[in-house]
Structure formats: C-alpha cells, structure tokens
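Worksheet: the structure to be examined is printed underneath.
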Amino acid sequence: MSTPFPFTAVVGQDDLRLALLLNAVSPAVGGVLVRGEKGTAKSTAVRALSALMPTLDVVTGCRFSCDPGSPDPACPDGPHEPGAFESRPARMVELPVGASEDRLVGALDIERALAEGVKAFEPGLLADAHRGILYVDEVNLLHDHLVDLLLDAAAMGASYVEREGVSVRHAARFLLVGTMNPEEGELRPQLLDRFGLTVEVAASREPDQRVEVVRRRLAYDDDPEGFAERWADEESAVRARIVAARELLPSVRLGDGALRQIAATCAAFEVDGMRADIVMARTAVALAAWAGRTDVLAEDVRQAALLALPHRRRRNPFDAPGLDEDKLDETLEEFSGESESDGDEDPDPDGPGGGGGQPPQSDGDGPEGGDTAARPEAGEGGEPQPSGAGEQSAVRAAEPFRTKVLSVPGIGEGAAGRRSRARTEHGRTTGSRRPQGALTKLHLAATVLAAAPHQRARGRSGRGLVIRRDDLRQATREGREGNLVLFVVDASGSMAARQRMSAVKGAVLSLLLDAYQRRDKVGLVTFRGAAAEVALPPTSSVDAAAVRLESLPTGGRTPLAAGLLKAHDVLRVERLRDPARRALVVLVTDGRATGGPEPVALAGRAARLFAAEGVASVVVDCESGPVRLGLAGQVAGELGGAAVTLDELRADSIAGLVRDVQRTSGTSRRAA
C-alpha cells in the first residue's frame, strides 16, 4: 500500500482542511463537497484525511463493521455474540464514477434465492464505507441512478437491496466527501443539499506559496516514506487534537443567542428547508470543540455560515455560488445579543485549518470567477473587442422562460438522462432477453415460462420450481437518455438589434436551463462576419455555455453555411468520442445567408448533410416584423427538421413541436 501524502503537509487550502477536520470531529456535520479547478490538491487532502481518523472497534468477522457496543440487530452477518471485537483504522472507500449498481449496494444471487431460498449476499461499497469515509471523485459526473441510491442511503442510514421480493438490509452511515470541477457540470440539487459543507478551492497566485507546493511535492515523490516520517509529529498532534475535540464535543453549549443567529441567517439567505439550520448548528459546535471551547461564539456561527450555506442559498442554476458577506455580517450583528455573552474565550488561530479562513467567492478575481477564462472576446475592462466590421457589443439576455422538451426520435442507448427514449438499466419493463454476463434485473414471468416445460424432466417434486441458469431472463427496460444539444447561433448583423438579440439570448438561455435539468451535454457554435467558430466545445457544464452566450457580440455578414459546416465537424468528432450519445441540433437564425460566394446554395448543401445522416434538428426562427420572408422555414426543410418562432418556443405553445421533430426526421430518413 502506498504512503499517502501527509495531511499537515498540504500547503494553504485552510478552508478545505478545516471543513475536513470538522467532519472528523463531528461526522454528524454531514460531509464535504470540494469544488475547484483541476490541480488544487482536492483529492490529495481527502485521501490524507483517512490517516487522521481515530481507530474503530468492530465485531470480529463482521463484513459490515458493526459496533460491538451496539451491533445492528438486522446485520446480514448477525446475530453477533457479545465480547468478540477488533480495532482497525477507519476505512476510506472510493466510489468510481463508472461503478455499477451492484458494486455500490452489493449483489444478491438471484439464482440461489429462487432455487434454494438462500439470501447469498456479497456486500458493496456502501457496506465497506459504514462508519468510515465514502469518497466520490468527480461526483458531478456520477450517474443518476447511483445518485438516487446514495441519497437513499444518506437519508436512512441504511442500504436496501431488493430483487423480485427478496431483500437484504444493512446499516450504511458514512462521511460523504465529494470533489468536482464545476467546468464539467453541476450537481443535482438533491445531492448538493446532502453535503453538510462546501468549500471552493483555487490555486494560489502567490509565487512563494506555489514554490513551496512544488518543493514539497517533489520531495514526496522522491521518497514518500521519508517525507511522511518528517511530518509524523505534526500528524500525531492533529490526530490527538481530533480525539480531544471529540471528547469535548458533548460538553459544548449552543446558547439561544447563537441559535437565533443561525435561524436568522438561514432565513435571510432564503435557504430551502431546515437542513441548513441543523448543519450550521452542528458545524458551529464542532468549531468550538476544535478550538477547545465549551461555548459557541459569534465567529463560530459566521464561519459555519460560510461553509454550510453557499451551496444551499436559493439561486438559479447559472448563478455563481457564494454568500454576500456584508449581508451576513449585518444579519449577525442584528441578532448578536445573547450570543456575544455566551462565552468570552478567543478562538485558537493556530493549528491546521485553525484560522478558519473564508471560502473564496466567485467575484471574478480568480479562476472561479470565470470572466477572463470564459470570455475570450473580452479585453481589459471587460469590454468586448472588435473582430469585424460593424460589430456591436454584447447585450444581456432577456428573462428565461420555461420550455417543453425537444427530443430525438427513435430509441437510443446513450448515457442516462431525461430527454429522449432509450434502452436503459432503469425505467419501465418492455420485454426480456437472455442475460449477457451477470443478471441484474430479473424478468420473473419470463423466467418461470422458460423453466416450466422442463420440470418433469428435471424430476421436480414438491412446490418449488427447479431453476437452471439457462432459464433466467434479463428484463429489458426503457427509460430516458441525455443527448448532445448543439446550439448553432447566428450572431450576424441581421440579428444585432438590441431588443431582438436580447430575446434570442433569452430563448437560448431557456433551452440551456432545460438541458441542465435533463442532464445533457451542450456545445455552442456561433457564426458572423466571414467565419464560424466553436465558442464552447461539447461539455457537461451548461453554466459555461451560459457564460459564453452572455458575452457573445454581434455584427457583420451571415455565413450560414460556415456555421452549419462547423457544427457538422463538431458532431463528427463527438461521434468518435461518444458514439452512443445522440445529437439534437438547435439552429437559432433568421434564415438569411449573405457570407461567401453563392451563400444560399452553399447553405442548402450544408443543411442537407444533416438530413442525409438523420440528425435531429430544430430551427428557432428569429425573423421579426410585419413582413416575414420565411427563410428559416426553408432552412428547416433542408435540414429535415422543424421550425418554431420565438413566441412558439414558450411553454405550452410548443406542445406540437416534438411531434413535428419526429415526423420530419422520420420523413428525411426515409427519403435518404
């Protein structure tokens, strides 16, 4: 087993270390979500935490880590005899993003259960993580069905495995730690709320600190064991401090004044539900215990708010996370009263994570602000720089609205999502087949029908069926998949009227919100002037697409053919990377084509490439005014897709569009 990087040797990242240590002191805080750019020691710090966790007493031979003082009466390995136990370190179990359901919750041998009535159960990662740490790297990329299982286990403190009426239950209480890069997509709100604390991490911009990071990393890589030995005393001191804080925790007093501050803060930031209040209270108590105090002070409440509220405040999906610290201070000051007199000891500013710094906010100053990195057109001062004749500065998007689903026709086999029909492991049962590999979803009726004709030949006696491996049938299911929604946006001069472009951006933003909710990948191609460009390669980060859209300037001619050909190239590359994910092209234009030689004929030929390949498409017609030329409708015909106006894109007025997409796409495939 490799030697982990010492926790106390991590340079900077005070908020990350503090959040992890608070959970080590009080696992009831509810875990940590670590958000940040790549290469910021997120995974290193989490893996190093396990070495600091106090040892556990577990029942000897129990695969589910039962506490000998209070063993689980429903433990599959029970009942346990009193007295026999052993001590071992707390486990840190990693959940791979691509793990199967059986690997997470465990596998039940259906064949033995049906034929012998035996509950033969192989524990999964949830059982391994009981009373320890469950770590999910890139948690935002976790499949939806695994997220649902995690939510259930986190809420109930137990895991249930049920197959055709046969069920196994075991305890599953763990510290949930997740890391993610927001550029790759956001988390579902339900899972986001399950994390007690969240921290934003970014690489330091101080040269001296960066030098120290490199120096320590090189020293560790050259001699991991020797490097760990040099930090052994610091590690032992932190481990002892965790143990002392755990012992002090039951004695910490949370006064009425501090409770009022917590409640007022959660109300002021309009967080949903009561979980935020409870997490803040537990965090404030853990902060006091970590500082060696028995009273919760106002600064504990403030620090708890900075760690527990940024991911819970009510906001739109595209709003940057964070808290208004001025508003926080005003609220705490208004309700200071009793909490200031609850205790008069100063917090300990020393020790790892001791100062309890403030999580970096997304104010545009660093990489998480996203302005400079995500707005390639912006120059100094944030103003878009001209790149062609007649270019106008970017306008803000109109208020987004609710749209109905645009789906790809047919049945796919792509990644789980919520847009188009697909054959999946989860959903309604549509039939059965012979299992390929391990049986995961039994089709009971089909299995019985397959076994019934052979009962006499197999010497059946008694009431039970004689089941053989060849009789088992896998249930085939139909659910929903996520698609690649590729936006192709006309940013030429004909779209440049401020009110018109604002409405166009509002429509695209509304469709992006829909893509966010349906777990799609999105891409953005824009065309204006003399060429087209990929403003955003296909990504799971819908937020990044919204940022690029907001900064999009307009002006110049309309190279429609270039835009379509660029989109065609993007789809070609994506088919090689992810052949199972089907695409939906959303062309936003007024239909004019003025760029290059023979622009109309060239645009028609480019559009017919999509029709020939059966790519589903929708044209959002942005033409306005009393006289309409209907050019966007002609482009939709060439694409083999449907056309819809901006007004028809809203809510119920789009009800017939899905049928149009399916009908026109089916017609184009038959013609091809």
Side-chain angles (χ1 to χ4, degrees), residues 4-27 29-53 92 94 133-140 175-183 187 192 195-206 209-210 212-213 216-217 220 231 234-235 238-239 241-242 245 279-280 282-283 286-287 290-291 300 302-312 321-323 347-362 366-369:
F5 192 91
F7 186 86
T8 51
V10 175
V11 179
Q13 308 296 14
D14 289 339
D15 300 306
L16 169 57
R17 293 192 294 158
L18 177 62
L20 292 172
L21 288 169
L22 291 177
N23 276 274
V25 170
S26 176
V29 166
V32 186
L33 174 64
V34 187
R35 297 165 46 96
E37 59 191 7
K38 52 188 175 293
T40 49
K42 301 188 297 293
S43 300
T44 298
V46 173
R47 292 189 176 100
L49 176 67
S50 60
L52 299 178
M53 298 290 285
M92 192 193 76
E94 293 196 40
I133 302 171
L134 181 62
Y135 172 48
V136 189
D137 194 14
E138 306 294 351
V139 64
N140 50 324
L175 170 60
L176 181 61
V177 181
T179 57
M180 60 174 282
N181 183 347
E183 294 177 356
L187 275 176
L192 194 63
F195 286 97
L197 310 179
T198 185
V199 290
E200 298 278 339
V201 296
S204 172
R205 297 298 181 255
E206 293 294 330
Q209 195 170 73
R210 296 176 74 96
E212 186 61 24
V213 169
R216 293 187 186 182
R217 186 69 214 189
Y220 170 77
W231 289 88
E234 287 82 353
E235 294 281 287
V238 174
R239 192 178 297 109
R241 189 174 175 184
I242 292 174
V279 171
M280 269 191 68
R282 289 171 174 166
T283 305
L287 280 162
W290 177 248
D300 298 326
R302 186 181 193 278
Q303 183 64 63
L306 291 171
L307 293 172
L309 295 188
H311 61 303
R312 289 191 170 91
L323 290 182
D348 182 1
D350 301 322
Q358 299 165 356
Q361 305 299 317
S362 298
E368 289 303 310

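Residue numbers start at 1 and run along the sequence shown.
Here Arg217 pairs with Asp221 under the side chain to side chain donor-acceptor pair (under 3.5 Å) rule; sequence neighbours left out. Residues passing the side chain to side chain donor-acceptor pair (under 3.5 Å) test with Gln209 are Ser204, sequence neighbours excluded. For Ala305, the side chain to side chain contact (heavy atoms under 4.5 Å, CB included) partners two or more places apart in sequence, or in a different chain, are Thr265, Met280, Leu309, Leu328. The side chain to side chain donor-acceptor pair (under 3.5 Å) test applied to Thr179 returns Tyr135, Asp137, not counting sequence neighbours. Applying the side chain to side chain donor-acceptor pair (under 3.5 Å) criterion to Arg47, with sequence neighbours excluded, gives Glu94. Residues satisfying the side chain to side chain contact (heavy atoms under 4.5 Å, CB included) criterion with Ala245, sequence neighbours excluded, are Val25, Ala289, Trp290.
In this structure, His311 contributes its side chain and Phe195 its backbone to a donor-acceptor pair below 3.5 Å. A donor-acceptor pair under 3.5 Å is absent between the side-chain atoms of Glu234 and the main chain of Ala9, judged by distance alone. For the pair Arg312 (side chain) and Leu192 (backbone), a donor-acceptor distance under 3.5 Å is absent. Formation of a donor-acceptor pair under 3.5 Å by the Glu212 side chain with backbone atoms of Gly12 is not found in this model.
Checked against Leu20 for a side-chain contact (heavy atoms from CB on, under 4.5 Å), the options Leu22, Asn23, Leu16 give a single hit: Leu16. Applying side-chain contact (heavy atoms from CB on, under 4.5 Å) to Leu197 and the options Val34, Thr283, Leu306 leaves one that passes, Thr283.
Between Ser50 and Ile133, the closest heavy-atom pair is CA-CD1, 4.2 Å. Nearest approach of Ala24 to Pro27, heavy atoms of both residues: O-CD, 4.2 Å. The shortest non-hydrogen separation linking Val32 to Ala19 is CG2-O, 3.7 Å. In this structure, Pro310 and Thr198 approach most closely via the heavy-atom pair CB-CG2, 4.1 Å. Closest heavy-atom contact between Thr8 and Arg216: O-NH1, 4.2 Å. The minimum heavy-atom distance between Ala203 and Thr40, with the atom names listed, is N-CG2, 3.5 Å.
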Given side chain to side chain contact (heavy atoms under 4.5 Å, CB included), test Lys42 with Arg35 step by step and report yes or no. CA-CA 8 Å; Lys42 301 188 297 293; Arg35 297 165 46 96; over 6 Å; no

Kindly indicate, with the supporting measurements, whether the criterion side chain to side chain contact (heavy atoms under 4.5 Å, CB included) is fulfilled by Val46 and Met92. CA-CA 9 Å; Val46 173; Met92 192 193 76; 4.2 Å; yes

Go through Val279 and Leu307 one step at a time and tell me if the side chain to side chain contact (heavy atoms under 4.5 Å, CB included) criterion holds. CA-CA 10 Å; Val279 171; Leu307 293 172; over 6 Å; no

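Distance check: Leu18 CG to Gln303 CD gives 5.5 Å after rounding to the nearest 0.5 Å. Note that the CG atom of Leu33 and the CG atom of Leu176 stand 8.5 Å from one another [nearest 0.5 Å].
Taking the side chain as every heavy atom from C-beta outward, Val11 and Gln13 never approach each other to under 4.5 Å.
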